[in-house]
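Presented below is the structure to which this report refers.
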Amino acid sequence: LGASAMLAADGRCKTLDERADGYGRSEGAAVLKMSNEFDESTTAGQMPVAVIGAAVNQDGRSAGLTAPSGPAQEAVVRAAVADIASVHVAGMHGTGTPLGDPIEVSSLQRVFKGMEGQAKHVTLVASKAALGHAETASGIFGLLANVRMTSAMTIDAMPSMRTMNRHVVIDSMAVPRQPGPCVAAGGRHATPYVTSFVSAFAFQGSNASAAVSCFAWDGGPATAAPKALSTLSALSAVSALPAGHPLITHVRFDKNVAFE
């Protein structure tokens with residue numbers, strides 16, 4: 001890897017930065033527990049997070065082993081968010097290479113522009129900028145980082161960021177220089193749901209993307225409201241599940257909401 005000039009000289013992933021010169025290797029292991037039921041006793045007061053979309057593909061014949069395929073990346077992300085109206089946080093693969101980062105950002109822009117209800121600003125994050133590239137474990141690291149941010153309503157900073165890569169045009173997307181709260185569309189007190197996704201692109205051309213969602217809640221007292229009928233429209237029962245899951249999760253989590 002070193003002889004192929006794939007590794008950063010300082011051992012760090014400088015995602016989106018002009019100094020990006022390769023990735024820094026790291027090691028780790030993680031376990032993700034998933035369930036069809038929400039267990040309040042295991043959440044430690046945090047909001048429950050649901051996986052609402054996932055996709056995998058393979059880029060097939062490409063320009064080279066180390067050359068990422070923009071169309072394949074775009075296709076896997078588009079498939080993962082196909083039933084989602086808006087994305088607030090985009091977890092990049094973000095290895096910190098001068099070639100890979102611009103291709104990935106361009107692919108994300110094409111996906112976001114095609115989403116009718118897309119939030120005005122999407123925040124770009126990358127776990128590798130803080131944890132390094134754990135290679136086979138990097139995908140689960142990115143997913144767990146997004147689950148934690150979505151549940152806690154926070155955004156991680158991009159610690160490697162000093163000067164934006166001259167080949168990256170972020171348009172309306174934001175790159176956080178400091179950690180802070182994640183405010184979804186409608187404001188923090190409007191209790192909207194927050195949606196994020198994370199991507200992982202393997203060395204041999206396999207691509208994966210997963211989306212997670214959680215209602216944003218500031219912990220304040222709920223405002224009394226009269227009974228209301230909630231309706232959900234979809235082409236089929238299968239396509240209705242991703243759209244309805246955030247509402248169901250919110251109702252089950254908030255004891256101030258009565259559900260009949």
Side-chain angles (χ1 to χ4, degrees), residues 28-58 73-94 107-108 111-112 115 117-119 122-128 131 134 136-156 182 184-185 191-202 206-217 232 234-254:
V31 175
L32 179 65
K33 178 183 177 181
M34 303 183 69
S35 173
N36 289 328
E37 297 293 332
F38 167 52
D39 183 0
E40 187 176 357
S41 65
T42 65
T43 61
Q46 290 189 323
M47 297 291 285
V49 175
V51 177
I52 58 173
V56 294
N57 72 7
Q58 223 285 339
Q73 293 181 7
E74 178 184 351
V76 76
V77 173
R78 193 180 299 278
V81 301
D83 295 316
I84 300 171
S86 183
V87 171
H88 305 102
V89 181
M92 297 179 59
H93 178 63
S107 300
L108 293 177
V111 173
F112 296 150
M115 297 177 68
Q118 178 54 49
V122 177
T123 300
L124 298 178
V125 297
S127 63
K128 293 182 182 68
L131 304 176
T136 54
S138 63
I140 192 67
F141 278 13
L143 178 58
L144 289 176
N146 268 42
V147 167
R148 174 181 53 78
M149 286 186 290
T150 303
S151 179
M153 286 295 295
T154 59
I155 293 293
D156 289 342
C182 173
T191 62
Y193 65 88
V194 174
T195 300
S196 67
F197 78 89
V198 63
S199 297
F201 309 134
S206 297
N207 304 311
S209 185
V212 297
S213 183
C214 172
F215 267 85
W217 179 57
L232 182 66
L235 295 177
S236 67
V238 174
S239 62
L241 289 176
H245 201 291
L247 175 61
I248 296 172
T249 301
H250 174 62
V251 168
R252 294 182 64 182
F253 181 81
D254 191 346

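Remember, predicted model here, so these are calculated numbers, not experimental data. For the numbers below, each heavy atom of this structure counts, side chains included, while hydrogens, waters and symmetry mates do not.
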Looking only at non-hydrogen atoms, find the nearest pair between [X] and [Y] and report the distance.
X    : Y    : result
N207 : V76  : O-CG2, 3.8 Å
A79  : A55  : CB-CB, 3.6 Å
V122 : A90  : CG1-CB, 3.8 Å
A137 : G28  : CB-O, 3.6 Å
G94  : K128 : O-CB, 3.7 Å
T195 : S213 : OG1-OG, 3.5 Å

So D83 and I52, side chain to side chain contact (heavy atoms under 4.5 Å, CB included) or not? Walk me through it. CA-CA 8 Å; D83 295 316; I52 58 173; over 6 Å; no
So which of V125, V198, V212 actually passes side chain to side chain contact (heavy atoms under 4.5 Å, CB included) with V89?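 So the option named by the test is V125.
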As an exercise, state the distance from [atom1] of [X] to [atom2] of [Y], rounded to the nearest 0.5 Å.
X    : Y    : atom1 : atom2 : result
L144 : M149 : CG    : CE    : 11.0 Å
M92  : F197 : CE    : CZ    : 9.5 Å
R78  : S209 : CZ    : OG    : 12.0 Å

For S196, the side chain to side chain donor-acceptor pair (under 3.5 Å) test, sequence neighbours excluded, returns N146, T150
Sequence neighbours excluded, which residues qualify as side chain to side chain donor-acceptor pair (under 3.5 Å) partners of T154? none
Only counting residues at least two apart or in another chain, list the ones meeting side-chain contact (heavy atoms from CB on, under 4.5 Å) with A75.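 For A75 the side-chain contact (heavy atoms from CB on, under 4.5 Å) partners, ignoring immediate neighbours, are N57.
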